[in-house]
Amino acid sequence: MVIVLGIECTAHTFGVGISRNGKILANVRDMYKPEKGGIIPMESAKHHKDVSEFVYEDSLNKAKISEKDIEVIAFSNAPGLAPCLIEGMKFAKMKAEALDVPLVPVNHCIAHLEIGKSCGAKDPILLYASGANTQIISLVSGKYRVFGETLDSGIGNFIDTFARHVGIPFPGGPEIEKKAKNGNYIELPYSIKGMDVSFSGMLTKLKRLYDSGTKLEDLSFSLQETAFAMLVESAERALAHTDKNELVLGGGVACNQRLQEMCRIMCEERGANFFCPAKEFLVDNGAMIAYTGELMFARGIKIFPKDFGKIDIAPRERTDEVEVKWRR
Ligand code: AMP
Ligand code: MG
């Protein structure tokens, strides 16, 4: 049995989770919220620095363990906003050096996938719908391959950008979901190319319609119906091509009830199983980093303090660049 502390720091959230034997003992997080506009990377990094010690202490208290019980520290070194990643790495190295424990660098997207699997899926397709990332991923020949992805912005950033245009602050997704409940359908550009999706055409149209007086409720409803249908279509095609029969949802946008419903219906219709982790594991969180770090550590992936100089951030690392040695 090993106790792993996981640190999440790729974008807006600083989180510390603790796992033992695949069981999550604590999952504490603090999210940076810009006063207006979108995320400013340097400000978000400063937020992480300011809250890190408190979130760390709180997580230890919730898990009812002391610092000395930590045997491994995992942290998200990729992908993400460089200033945020650096702040997280500094904190992870500082704690690991003080406690003389090894570090495990974890890819954030893969952590969403691994925590999704913890719901019971064995060999799923992951629909990863977050702020900055939108990908359809699955493990094939030792790597998490990207079957489809956005060609422009992540779905969450797309929703947030439209929300900001209509005066809703970041994160806009939850408010758009509320507005959508009372809307009617308007046709919007449906853009799927092969397995890839794009949102820029829809964003332009939404802004134009809003500026010419179309009701926000109708636009919100139509945005969800159109954008989510694109994701579900690509995910369904990935299931068909790979002959797999499990779908896992991940990422902050997966909190959306309508997206969950559309995935559930698609899976029911083709006899596949649908898995959606609890909300605290869908949003960015430290528990998924601890959980994935534990899997990796168990297969011998670890870096000792004398080699910490070799550890770096990888802001643009792609999911399919990582050798998934722990799943062989
Ligand atoms: P992440 O990047 O995975 O932390 O997720 C953050 C993104 O999820 C932001 O773009 C939010 O607007 C979006 N989001 C959170 N809740 C919802 C929701 N209920 N519906 C749509 N998007 C959401
Ligand atoms: Mg994420």
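Predicted, not measured: the structure shown is a model, and the values here were computed from it. Start at 1 with the first residue, then count along the sequence. In each ligand, atom 1 is the first atom listed, and ligand 1 is the first ligand listed.
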J.: If you define the side chain from C-beta out and look only at heavy atoms, does anything of Leu60 sit under 4.5 Å from Ile70?
T.: yes
J.: Tell me whether Arg208 is salt-bridged to Asp211, with the criterion being a basic N under 4.0 Å from an acidic carboxylate O.
T.: no
J.: For ligand 1, which atoms sit closer than 4.0 Å to a heavy atom of Asp284?
T.: 1 (P), 3 (O), 4 (O)
J.: Which ligand 1 atoms are under 4.0 Å away from a heavy-atom of Gly172?
T.: 12 (O)
J.: Taking heavy atoms and a distance under 4.0 Å, where does Gln257 meet ligand 1: side chain, backbone, both or neither?
T.: neither
J.: Nearest non-hydrogen contact with atom 4 (O) of ligand 1 belongs to which option: Glu175, His108, His12, Arg258?
T.: His12
J.: Compute the centroid of each ring, for His112 and then for Tyr128, and state whether the two points are separated by less than 6.0 Å.
T.: yes
J.: Hey, is Gln224 one of the residues with a heavy atom under 4.0 angstrom from ligand 1?
T.: no
J.: Are any of the N or O atoms of Leu282 closer than 3.5 Å to those of ligand 1?
T.: no
J.: With only distance considered, is Gly173 within less than 3.5 Å of ligand 1 through an N or O on each side?
T.: yes
J.: Are Phe91 and Phe75 near enough that their ring centres are under 6.0 Å apart?
T.: no
J.: Please report whether ligand 1 has a polar contact with Gly251, defined as an N or O pair separated by less than 3.5 Å (distance criterion only).
T.: no
J.: Return the orientation label for the Tyr185 and Phe221 ring planes: parallel under 30°, perpendicular over 60°, tilted otherwise.
T.: perpendicular
J.: Number the atoms of ligand 1 from 1 as they appear, then name those within less than 4.0 Å of a heavy atom of Gly156, with their elements.
T.: 10 (O)
J.: Looking at every non-hydrogen atom in both residues, tell me the closest pair between Glu114 and Tyr291 and how far apart they are.
T.: O-CE2, 3.5 Å
J.: Students should be able to answer this: which protein heavy-atom is nearest to atom 5 (O) of ligand 1, and at what distance?
T.: Gly252 CA, 3.2 Å
J.: Less than 4.0 angstrom from a charged side-chain N to a carboxylate O is my criterion; do Arg264 and Glu261 meet it?
T.: no
J.: Is His112 in polar range of ligand 1, meaning some N or O pair under 3.5 Å apart?
T.: no
J.: Look at Lys46 together with Asp50 and state whether they make a salt bridge at an N to O cut-off of under 4.0 Å.
T.: yes
J.: Could you check whether any side-chain heavy atom of Tyr144 comes within less than 4.5 Å of a side-chain heavy atom of Asp320, counting everything from C-beta outward?
T.: no
J.: Listing by chain and number, which protein N, O or S atoms are under 2.8 Å from the Mg ion (ligand 2)?
T.: His108 NE2, His112 NE2, Asp284 OD1
J.: Filter on salt bridge (Lys or Arg N to Asp or Glu O under 4.0 Å), then keep only pairs touching residues 51-65, sequence neighbours left out; what's left?
T.: Glu53-Lys95, Asp58-Lys62
J.: Do the side chains of Pro79 and Arg316 get nearer than 4.5 Å, heavy atoms only?
T.: no
